[in-house]
Amino acid sequence: MDDRQRYDRATAELEPPFAILDLTAMRANAADLVRRAAGKPIRVASKSVRSRPVLERILAMDGFHGIMAFTLPEALWLAGHGFTDILVAYPTADRAALARLAADPAAAREIALTVDSPAHLDTIEDAVAGTPGRHEIRLSMDIDAGFRAFGGRLRAGAWRSPVREPAQAAELAAAIAKRPGFRLSGLMAYEAQIAGVGDDPPGNAAFARAVRLMQARSARELIIRRGRIVNAVRQITDLDFVNGGGTGSIEKTVREKAVTEVAAGSGFFHPRLFDFYRGFTGHPAALFALPVVRRPAPGIVTVLGGGYPASGAAGPSRLPQPYLPAGLRYAPDEGAGEVQTPLLGPGADDLRIGDRVWFRHAKAGEMCERFATLHLIDGESVVDSVPTYRGEGQTFL
């Protein structure tokens with residue numbers, strides 16, 4: 001039985017649209033992440049999962065410890081449900097959430113906030129001023145891990161922190177140490193140009209070689225710079241963790257002695273954008289099904305809904321992939337539609353009204369913003385149906 005038959009059989013009693021998570025595929029992906037991490041713990045990026053019960057399943061596996069959250073309200077919510085060791089990986093200016101954090105001793109013990117400038121310290125201090133019994137706030141310093149060449153004329157990587165050099169990191173660490181009520185607990189540096197960019201993109205061999213050259217040079221530069229930054233900060237304060245990497249760079253990042261843990265999120269679901277890496281091959285685990293509702297012409301079917309583009313630079317790579325049955329593609333003048341999506345190709349003529357077309361999202365957790373429930377499939381059966389963040393009434397972004 002192929003995957004399409006298995007998914008169709010397991011979900012025969014469900015009415016699409018709906019989303020599934022193949023537990024066998026997710027477990028295989030998780031085991032491969034642990035293998036690539038070579039003994040270093042993996043912090044789970046919640047933005048790529050966005051389901052509390054699924055996060056619990058992942059953290060119950062060996063090799064995973066802690067959450068990398070994306071907003072402070074999310075971190076507070078997770079801490080309130082018993083999650084521990086939560087790093088909010090993006091700065092916050094949420095005054096109400098900051099006041100809640102400072103007033104909650106249990107949350108303050110478990111949550112670390114990301115900062116990259118004294119302005120963040122000022123914002124936090126202003127928000128928590130006057131909080132009765134204010135508790136110490138743990139901080140993590142974000143470091144720019146981007147790649148620069150040709151005197152800065154070439155840059156690769158996400159625009160994140162302004163802190164790039166050891167002296168800048170030491171200066172910020174010293175500023176934190178001087179302010180009562182704060183403790184610098186950790187340091188993170190996300191090399192997006194390696195972890196989030198596939199080194200085997202399709203269709204352009206010259207571009208693929210350029211990507212691999214950039215990534216090799218970036219990795220060599222970063223191992224030295226990150227090590228020096230960590231040493232400079234440790235001269236001022238002890239650190240509980242140094243976080244780096246992501247799904248696409250785990251086996252590279254763990255080689256750095258300065259890094260104590262790595263992060264991963266997309267690797268559990270293995271969305272479409274993670275097909276283009278030479279170092280690992282994942283198993284598509286998260287999919288959504290849409291029903292065929294029209295047959296407007298030979299070689300064309302129309303499914304209900306489908307306009308679920310991923311974030312990032314707009315383009316075809318951000319659209320969901322018609323996955324099963326094989327051989328379907330978008331109509332070039334319509335793409336993925338708000339309420340209906342035409343699909344062309346040889347597989348269309350074998351589809352009837354009511355049949356399912358299975359899609360993979362371009363990114364991982366964003367699919368869960370479209371569906372309230374993930375139906376968990378093990379083998380040929382749905383073994384559980386669990387809420388996403390949306391299903392629990394939580395929309396943090």
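Hydrogens, waters and symmetry mates play no part in the numbers below; they use all other heavy atoms, side chains included. Only a predicted model underlies this, so the values are computations on that prediction, with no experimental measurement involved. Numbering starts at 1 and runs along the sequence shown.
The hydrophobic cluster containing Val301 does not contain Leu324, counting ILVMFWY residues as joined when their side-chain heavy atoms lie under 4.5 angstrom apart, directly or transitively. Residues Ile20 and Phe269 fall into different hydrophobic clusters, defined by Ile, Leu, Val, Met, Phe, Trp and Tyr side chains chained together at heavy-atom separations under 4.5 Å. Leu172 and Tyr190 fall into different hydrophobic clusters, where Ile, Leu, Val, Met, Phe, Trp and Tyr residues are linked whenever their side-chain heavy atoms come under 4.5 Å apart, directly or through other members.
Taken to the nearest 0.5 Å, the CE atom of Met141 stands 8.0 Å off from the CG atom of Leu239. Annotation: the span from Ile377 atom CD1 to Tyr7 atom OH amounts to 6.5 Å, rounded to 0.5 Å. Atom NE2 of His283 is separated from atom CG of Asp3 by 10.5 Å, given to the nearest 0.5 angstrom. Summarising the geometry, atom CG belonging to Leu21 is positioned 10.0 Å from atom OG1 belonging to Thr24; distances are rounded to the nearest 0.5 Å. To the nearest 0.5 Å, the span separating CG on Asp142 from CG on Leu113 amounts to 12.5 Å. From Leu76, atom CG reaches atom CZ of Arg100 across 4.5 Å, with rounding to the nearest 0.5 Å.
Put simply, the side chain of Arg50 does not reach to within 4.5 Å of the side chain of Thr388, judged on heavy atoms. Looking at Leu154 and Met214, their side chains never come closer than 4.5 Å, going by heavy atoms from C-beta outward. Side-chain contact between Met188 and Met68 is present, with heavy atoms from C-beta onward closer than 4.5 Å. The shortest side-chain heavy-atom distance between Arg95 and Asp126 falls under the 4.5 Å cut-off. Between Pro342 and Thr302 the shortest side-chain heavy-atom distance falls below 4.5 Å. Considering only heavy atoms from C-beta on, Leu139 comes within 4.5 Å of Ile176 through its side chain. Contact annotation: the side chain of Met26 approaches that of Ile58 to within less than 4.5 Å [non-hydrogen atoms, C-beta and beyond]. Side-chain contact between Arg164 and Arg148 is present, with at least one heavy-atom pair separated by less than 4.5 Å.
Side chain of Arg255 to backbone of Glu251: a donor-acceptor contact under 3.5 angstrom is found. A donor-acceptor pair is defined here as one N or O able to donate and one able to accept, closer than 3.5 Å; such a pair exists between the side chain of Gln5 and the backbone of Asp2. Judged by distance alone, the side chain of Arg36 and the main-chain N or O of Thr247 form a donor-acceptor pair under 3.5 Å. Formation of a donor-acceptor pair under 3.5 Å by the Glu261 side chain with backbone atoms of Lys40 is not found in this model. Panel note: side chain Ser385, backbone His375; no donor-acceptor pair is recorded below 3.5 Å. Judged by distance alone, the side chain of Arg43 and the main-chain N or O of Asp85 form a donor-acceptor pair under 3.5 Å.
A pairwise comparison of heavy atoms in Ile42 and Ala264 identifies CG2-CB, 3.7 Å as the closest pair.
Heavy-atom contacts from other residues, nucleotides or ligands closer than 6.0 Å to CG of Asp238 number 12 or fewer. Within 6.0 Å of atom CZ in Arg183, more than 12 heavy atoms from other residues, nucleotides or ligands are found, so the atom counts as buried in its surroundings. For Gln394, the CD atom is densely surrounded, since the number of other residues' heavy atoms within 6.0 Å is greater than 12. Other residues, nucleotides and ligands contribute at most 12 non-hydrogen atoms within 6.0 Å of the CG atom of Asp62.
Ion pairing between Asp199 and Arg278 holds under the 4.0 Å rule for side-chain N and carboxylate O.
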(request) With side-chain contact (heavy atoms from CB on, under 4.5 Å) as the test, would you mind laying out the steps for Ile143 and Arg226 before giving the verdict? (result) CA-CA 8 Å; Ile143 303 299; Arg226 180 154 43 194; over 6 Å; no
(request) Test side-chain contact (heavy atoms from CB on, under 4.5 Å) on His270 and Phe280 and set out the steps. (result) CA-CA 11 Å; His270 193 76; Phe280 64 95; 4.3 Å; yes
(request) Verify salt bridge (Lys or Arg N to Asp or Glu O under 4.0 Å) between Asp355 and Arg295, making sure each step is shown before the conclusion. (result) CA-CA 11 Å; Asp355 283 351; Arg295 292 179 51 85; over 6 Å; no
(request) Give the intermediate values and the outcome of side-chain contact (heavy atoms from CB on, under 4.5 Å) for residues Thr341 and Val357. (result) CA-CA 11 Å; Thr341 298; Val357 176; over 6 Å; no
(message) What verdict does the side-chain contact (heavy atoms from CB on, under 4.5 Å) test give for Phe64 and Val34, after you've listed the backbone C-alpha separation in whole Å, the side-chain angles of each residue and the deciding distance to 0.1 Å?
(response) CA-CA 8 Å; Phe64 302 99; Val34 171; 3.5 Å; yes
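A cation-pi arrangement is absent between Arg212 and Tyr277 under the rule of less than 6.0 angstrom and at most 45 degrees off the ring axis.
Between Asp144 and the options Arg160, Arg225, Arg155, a salt bridge (Lys or Arg N to Asp or Glu O under 4.0 Å) holds for only Arg155.
Using a 30° and 60° split on the angle between ring planes, Trp77 and Phe396 fall in the tilted class, from 30° to 60°.
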Which atom pairs, one a donor and one an acceptor, fall under 3.5 Å between side chains of residues 303-320 and the rest of the protein, sequence neighbours left out?
from, atom 1, to, atom 2, distance (Å)
Ser311, OG, Lys363, NZ, 3.1
Ser311, OG, Glu366, OE2, 2.5
Arg318, NE, Ser311, O, 2.8

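Residues Tyr90 and Phe70 place their aromatic rings such that the two centres sit no closer than 6.0 Å.
Looking at Ser218 and Glu191, their side chains never bring a donor and an acceptor atom within 3.5 Å of each other.
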